[in-house]
Amino acid sequence: MGGQRCGVALALLGVLLLGAGRLPRRAEASEIALPQGSGITVFIKPGTPALPVKPCYIINSKRHKTTLTIKSGEKEIFSFSCQDPENHFVIDIQKNIDCMAGPCPFGEVQLQPSTSTLPTLNRTFIWDVRAHKSIGLELQFAPPRLRQIGPGESCPDGVTHSISGRIDATAVKIGTFCSNGTVSRIKMQEGVKMALHLPWFHNRNISGFSIANRSSIKRLCIIESVFEGEGSATLMSANYPDGFPEDELMTWQFVIPAHLRASVSFLRFNVSNCEKKEERVEYYIPGSTTNPEVFRLQDKQPGNMAGNFNLSLQGCDQDAQNPGILRLQFQVLVQHPQNESNKIYLVDLSNEQAMSLTIEPRPIKLSRKFVPGCFVCLESRTCSTNLTLTAGSKHKISFLCDNLTRLWINAEKTISCLDHRNCRRRPYSLQVPVDILQLPVQLHDFSWKLLVPKDKLSLALVPSQKLQQHTQEKFCNTSFSYLVASAVPGQDLYFGSFCPGGSIEQIQVKQNISVTLRTFAPNFQQEVSRQGLTVSFIPYFKEEGVFTVTPDTKSKVYLRSPNWDRGLPSLTSVSWNISVPSNQVACLTFLKERTGVVCQTGRAFMIIQEQRSKAEEIFSLEDEVLPKPSFHHHSFWVNISNCSPVSGKQLDLFFWVLLTPRTVDLTVVIIAVVGGGALLLFALGFIICFVKKNRKKKKTKGPPVGIYNGNVNTQLPMQSKKFPKGRKDSESHVYAVIDDTMVYGHLLQDSNGSFLQPEVDTYRPFQGPTGDCPPSPPAICSRAPTVKLATDEPPLGIPAESESEPYTFSHPNNRDTDIPLLDTHEPEEPTE
Ligand SMILES: *[C@@H]1O[C@H](CO)[C@@H](O)[C@H](O)[C@H]1NC(C)=O
Ligand SMILES: *[C@@H]1O[C@H](CO)[C@@H](O)[C@H](O)[C@H]1NC(C)=O
Ligand SMILES: *[C@@H]1O[C@H](CO)[C@@H](O)[C@H](O)[C@H]1NC(C)=O
Ligand SMILES: *[C@@H]1O[C@H](CO)[C@@H](O)[C@H](O)[C@H]1NC(C)=O
Ligand SMILES: *[C@@H]1O[C@H](CO)[C@@H](O)[C@H](O)[C@H]1NC(C)=O
Ligand SMILES: *[C@@H]1O[C@H](CO)[C@@H](O)[C@H](O)[C@H]1NC(C)=O
Ligand SMILES: *[C@@H]1O[C@H](CO)[C@@H](O)[C@H](O)[C@H]1NC(C)=O
Ligand SMILES: *[C@@H]1O[C@H](CO)[C@@H](O)[C@H](O)[C@H]1NC(C)=O
Ligand SMILES: *[C@@H]1O[C@H](CO)[C@@H](O)[C@H](O)[C@H]1NC(C)=O
Ligand SMILES: *[C@@H]1O[C@H](CO)[C@@H](O)[C@H](O)[C@H]1NC(C)=O
Ligand SMILES: *[C@@H]1O[C@H](CO)[C@@H](O)[C@H](O)[C@H]1NC(C)=O
Ligand SMILES: *[C@@H]1O[C@H](CO)[C@@H](O)[C@H](O)[C@H]1NC(C)=O
């Protein structure tokens, strides 16, 4: 390029001018030479002067001109007739790049010819790149990147970038941008036209961008914005404020630092009249389960998004008669998360073992409503939607979430006693660790898996506040409940849901269970002091569960059998130990007339036994109507044993117990209990309670025949010394026997097995205090000792009142006698 001298002079002049506050300049000659094949054309033409000015001309080849065109391969020398040509003329430098004809010059884009050789006029460098539709062209802008401006806006330094694309032959304006913004890349296909406008006084000598080729982007364009800190960006749909091209797709990508959050708001928009398809915006939001999130332009747009996201505008097929206009101007605001997010919470699980804690999104109903990202961050660095903390270390967590109620915590802890000798320490307290309670996220479930060796130990749960069973008739209104379920693989057994504030003092279960504290309301935090459950490992017993119930006066206790609605599992047995204090009388009422069970094999029956007198009633649950309301003056057992029912004809038992002072006239009780409406019925019940000739215990002479469900052992493990009074009851241990001959051979075999082979577990069935064991139908072979042990005499070979447990383990070294057993009180001696 020639004109070196002139150029230097001009540049010097420019510097002088800038330094001297725009003194009038002398007209200097310029020379522009364009290399052959450069594809560059230079136009010098009248601009749009701000003020009315005197005429000025381009002097070229000694002629006055108002425009001058210099084509590729040409050279022109020219000057201006006035001293302020920048107020009259502008210069456009257009370069055509045809990537379809030859190789495309990718990379850094140069200002060519160099700005120093150009006259000091407003300059517009235009690069017009044409490419195949299948080629994506990417403009990359180095920092300080670009900022889009709307119609009527201007850039503070006068430098503007106007970018447009092409759909077939039609030009599409992508936008006008100033320096210093967030837009880092613009991807287009089929071609791009970039116009860089530099005002005459701007000494910028670089283009500030490069071009790269990319694979097809399959849409009009993609605009990438990179945020390095807090800030905002206003962006517009193509052609704004004119209509977005029909049926087109445009995408904005946003790169957001991990510690910040982005919110989108639509500042202005219009929608067109769609004939086909729907105009919409679609988001890809990290952490959203429903990507792409689709919104109408009228919807409230997402906020508080953490992580990079993208947003696409999709047009429609417009009505040709009345197309309307689709346009959108929106803002992305990136800021530090407000609220919780800067807080760091320490969760110390270093002293825990076999515990894990997961903070995860609550399941939500899928809807078109917006779901912003909601993250849990470890050490404020790695954020994820679902974080699991493991035992054995301390964790520092924080939250990046607009609404923490969208998260919840689930935790699981395993407490196992795999060798029963190791579990003789004090009972374990089941409490939610304080570190979890201090988190700003609601605890959903805290599950304790309580594991014991098979057939060696059982479990006793003693709540710090007596529990109520959740039933339809009396539901738990507390913010949390304990859900107790079997944790034996393959055993589908749910004991129920229990909350504080009831009458259940203890729940004993045969084997592995899970106890889950589930919260139902955020106010669990206020009720947290009501939690508390102690688990002890107790000698093994064979019933599925035993519920110890001490009702409060004048408040109905509703109880129902485990697995309610699905039926008690086959061949299992459950008992309720119901205390009746002296001076009180309990009314036991079954809510249904029948249980509905139909047995395939075995029999299903219920035994109601007075603990003091041992008086028993046995009811077949299959064909008999359940007993009418009955009154009990002493503590009693309700025991049910299931058969193997026909599917769909399950055993569900539901009853309530009501205590009333014994002094109260029974008629009043009945009225109180039942209400006038059913007076007649219950008067009948009353009569039955007291007059009915029950099938009470009978000592039979010959070998008794009892009913027995094979895997049911109803003798509870008891430490004999704890129940000295019980042992005095000489009426005890007389078991009911049904006169009817009911022999169920296959079941008896089972019973024989478990009762006659004590090498597995030394079973000393009836040494324990009488009346403190749930009633059980006797097995044939255990019949005789039952009667014997009913006396105060200790049975042969078993030391009376010894330290030995009535129920011992097969394991030999059983020296310790301080196995935590049931934390029970002495049975009250009824006084009359
Ligand atoms: C040159 O550009 C500036 C700002 O970009 C503008 O104000 C001025 O009118 C332009 N000059 C001409 C002659 O168009
Ligand atoms: C870019 O813009 C920011 C504010 O928007 C301003 O503080 C900064 O000085 C600008 N930088 C340049 C090079 O103009
Ligand atoms: C642009 O100008 C700077 C000085 O302002 C100079 O150092 C640089 O080499 C120039 N670049 C080009 C491409 O002319
Ligand atoms: C970019 O262009 C080169 C040749 O010009 C080609 O080899 C390469 O495949 C292209 N890349 C993409 C992503 O199209
Ligand atoms: C665009 O929408 C605005 C409201 O958002 C409305 O006032 C205006 O009339 C609309 N313009 C057109 C051309 O539809
Ligand atoms: C938008 O983001 C999603 C998820 O990150 C990605 O799969 C998709 O390719 C992105 N689309 C565009 C056009 O950037
Ligand atoms: C926290 O966010 C909620 C809504 O998201 C808002 O109502 C509340 O004022 C915020 N609190 C603080 C301290 O910023
Ligand atoms: C969270 O992660 C845990 C453990 O990987 C998984 O069990 C749980 O289903 C996950 N939750 C969600 C909502 O994805
Ligand atoms: C937070 O989310 C919950 C449900 O996840 C919703 O019920 C509640 O309205 C939300 N609160 C706010 C302030 O958005
Ligand atoms: C209870 O869990 C322990 C430990 O996993 C296991 O050894 C035992 O067999 C389980 N008991 C039953 C009845 O499955
Ligand atoms: C729950 O119910 C009991 C009575 O059953 C009542 O005393 C108590 O106030 C209730 N609590 C709440 C939180 O409603
Ligand atoms: C039955 O309940 C009473 C009262 O809570 C208790 O003293 C007794 O030990 C319980 N019996 C058994 C076998 O759990």
Side-chain angles (χ1 to χ4, degrees), residues 1 7-8 11-12 14-15 18 22 43-56 58 66-67 80 82 84-92 108-125 136 138 149 153-162 176 178-179 184-189 195-210 214-226 248-256 281-294 305-314 373:
M1 272 161 265
V8 171
L12 273 169
V15 171
L18 283 169
R22 300 180 197 183
F43 304 96
I44 299 171
K45 57 187 185 183
T48 48
L51 301 163
V53 286
K54 288 185 212 158
C56 185
I58 305 163
T66 52
T67 60
F80 297 97
C82 59
D84 56 346
E86 70 276 4
N87 289 336
H88 302 262
F89 294 98
V90 296
I91 182 167
D92 285 1
E108 195 87 24
V109 173
Q110 308 294 327
L111 295 186
Q112 199 188 8
S114 140
T115 46
S116 55
T117 66
L118 297 174
T120 313
L121 301 176
N122 285 353
R123 299 141 189 178
T124 304
F125 289 90
E138 181 179 287
I149 53 169
E153 284 182 87
S154 60
C155 298
D157 61 358
V159 178
T160 60
H161 308 71
S162 303
T176 303
C178 302
S179 305
S184 56
R185 292 192 289 179
I186 297 179
K187 290 182 223 177
M188 321 247 289
Q189 60 186 29
L196 174 64
H197 175 80
L198 300 171
W200 62 269
F201 49 83
H202 209 278
N203 58 357
R204 174 160 157 174
N205 60 4
I206 52 162
S207 74
F209 74 99
S210 56
R214 293 283 179 259
S215 50
S216 166
I217 57 167
K218 300 195 161 60
R219 66 202 70 205
L220 175 61
C221 74
I222 300 175
I223 296 182
E224 180 192 75
S225 274
V226 175
E248 271 297 336
L249 175 63
M250 179 170 178
T251 296
W252 291 266
Q253 293 176 328
F254 298 91
V255 178
I256 312 289
V281 283
E282 295 185 358
Y283 291 84
Y284 278 90
I285 300 167
S288 165
T289 49
T290 50
N291 276 327
E293 300 279 354
V294 181
M305 288 175 283
N308 302 342
F309 70 99
N310 61 32
L311 156 60
S312 296
L313 173 68
Q314 173 71 67

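As the structure lists them, so they are numbered: ligands from 1, and atoms in each ligand from 1.
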So for ligand 1, is W200 a polar contact partner (N or O within less than 3.5 Å, distance only)?
no
Value for OG1 (T115) from NE2 (H202), rounded to nearest 0.5 Å, stands at 11.0 Å
With heavy atoms only and a cut-off of under 4.0 Å, state how L121 meets ligand 1: side chain, backbone, both or neither.
neither
Is the closest side-chain donor-acceptor distance between R219 and T251 under 3.5 Å?
yes
Name of the residue among T124, T176, D92, T160 meeting side-chain hydrogen bond (donor to acceptor under 3.5 Å, both in side chains) with H197
T124
So which atom in H161 and which in V159 form the shortest heavy-atom distance, rounded to 0.1 Å?
CE1-CG1, 4.1 Å
Do any nitrogen or oxygen atoms of N310 come within less than 3.5 Å of a nitrogen or oxygen of ligand 6?
yes
Do side-chain atoms of Q189 reach the backbone of S216 as a donor and acceptor pair under 3.5 angstrom?
no
Verify the contact flag for atom 2 (O) of ligand 6, where contact means a protein heavy atom under 4.0 Å away.
yes
Pairs of nitrogen or oxygen atoms closer than 3.5 Å, one from N87 and one from ligand 1: do any exist?
no
Using a distance-only test with no angle check, is there a side-chain donor-acceptor pair under 3.5 angstrom linking T120 and E86?
no
Would you confirm whether any non-hydrogen atom of the protein falls under 4.0 Å from atom 14 (O) of ligand 3?
yes
Per-residue contact class, N122 against ligand 1 - non-hydrogen pairs under 4.0 Å:
side chain
Flag: protein heavy atom within less than 4.0 Å of atom 5 (O) of ligand 6:
no
Keeping the roles fixed (side chain from N310, backbone from W252), state whether a donor-acceptor pair exists under 3.5 Å.
no
For H197, take its heavy atoms, then give the atoms of ligand 1 lying under 4.0 Å from any of them.
2 (O), 5 (O)
Among protein heavy atoms, which lies nearest atom 9 (O) of ligand 3, and at what distance?
N205 ND2, 4.6 Å
